[in-house]
Amino acid sequence: MAYLTLRNINKIYPNGFHAVHDFNMEAEKGEFIVFVGPSGCGKSTTLRMIAGLEDISKGEFLIEGKLANTLSPREREVAMVFQSYALYPHMTVYDNLAFGLSLQGIDEDVIDERVQKTARILGLTDYLDRMPRALSGGQRQRVAVGRSIIRKVGIFLMDEPLSNLDAKQRVTMRSEITQIHRETGATTIYVTHDQTEAMTMADRIVVMKDGYVQQIGTPKEVYFNPANMFVAGFIGEPPMNFIRRTLRDGCIEIGTSRIDLRKKLGEQAAAYEGKEIVFGFRPEAVALGEGDYTLRGCVELTEMLGDSVNVYVDMAQEKAILKVMPHEMPQMDSEVVFSIPASSVYLFDGSTEMVL
Ligand code: ATP
């Protein structure tokens, strides 16, 4: 049986706004699930319904198969870390960590043992006597995470916990949170709008848009088998290139190239004749030179990233981004010939935007 079940969960706010539509998901015990999507897509609302901080308007939320819609946050045994990690400013790190346990009337010795252990896991042992104002942003965030994991809960919920940190701290905390998750074994649901966080941390990713789940899958599944154009464009950096064309005689024209899609489309070729399809390929799937599907364009801009180069190419009516190796970096304003292996091309229905 799944540890958490969300069955047709909906949220309609009192002003009538329908923020979450028929959210369905199961999470196994110990899984790390990431909700990802653009601002306003309903990630936090869903998380807050799981936490018990927001009523579920319609649908069922189950913990270990038992209906939990009306349980309080405490009864659900959840701990939550928010974006704004409000620590108690007048308390030391030690007291910030211990406070929740003291409220529960837990024995001082047990509290001390747990504070020391949590501090060890998070590298805060040397800072236990400090006040929050004497800590860096990353250290404060660790205290906030510590306050949650010290409680030994079954469900750990995090809402953009790294968004107040700088880029370097985010990378460090990312791996720390994954490690803490492994050590505690708590089922974790983590909200972010950052696809890199989702890809690097998740066992499974839930991609959301406009209150609807677009796809649920492992990082590999959503990257290699996106369900639709939205997921394909959201996961991956730089994003997938999309070229919209009408299919004529099983072919499309891109710049000076005629691309024969009959083999790729197979039996669907006839059904899409005269219809719009979208030709998609990832910047990193491109090879310079001719290949399965060969395109040509003019180099508008190059961005040297050290380990790779982003090349912005103009193909008359279309633009594309290619990712190449530093030694392959083409000259600005030169013509570039590049190709995409047939297996790395994605085709989408031009009207439904679903993958073909
Ligand atoms: P962000 O990444 O910006 O936090 P999100 O995906 O977490 O976005 P939510 O905070 O869940 O999005 O909000 C989803 C939608 O519900 C938004 O359009 C938001 O404006 C709306 N919303 C949130 N809270 C309320 C409320 N109390 N009343 C009405 N609408 C709300």
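Read the numbers this way: they start at 1 and go in the same order the structure lists the ligands and their atoms. Since this is a predicted model, take the numbers as computed values, not measurements.
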Other residues, nucleotides, ligands: >12 heavy atoms within 6.0 Å of Asp107 CG: yes
Atom CD of Glu108: over 12 foreign heavy atoms under 6.0 Å: no
Test: Lys11 cationic atom under 6.0 Å from Tyr13 six-membered ring centre, within 45° of axis: yes
Contact atoms of ligand 1, heavy-atom distance to [X] under 4.0 Å:
X	value
Phe17	15 (C), 16 (O), 18 (O), 21 (C)
Ser44	4 (O), 5 (P), 7 (O), 10 (O), 11 (O)
Thr45	9 (P), 11 (O), 13 (O), 14 (C)

For the 3.5 Å polar cut-off, considering only N or O atoms, please tell me whether [X] and ligand 1 meet it.
X	value
Gly40	yes
His193	no
Cys41	yes
Ser39	yes

contact_flag Gly42 ligand 1 heavy-atom lt 4.0 Å: yes
4.0 Å heavy-atom contact, Glu160 with ligand 1: yes
Aromatic centroids of Phe35 and Phe23 separated by under 6.0 Å: yes
Side-chain donor/acceptor of Lys43 to backbone N/O of Pro38, under 3.5 Å: yes
Side-chain (Asn241) to main-chain (Gly280) donor-acceptor, under 3.5 angstrom: no
Region of Asn15 engaging ligand 1 - heavy atom pairs below 4.0 Å: side chain
Pair Lys323 + Glu328, salt bridge at N-O below 4.0 Å: no
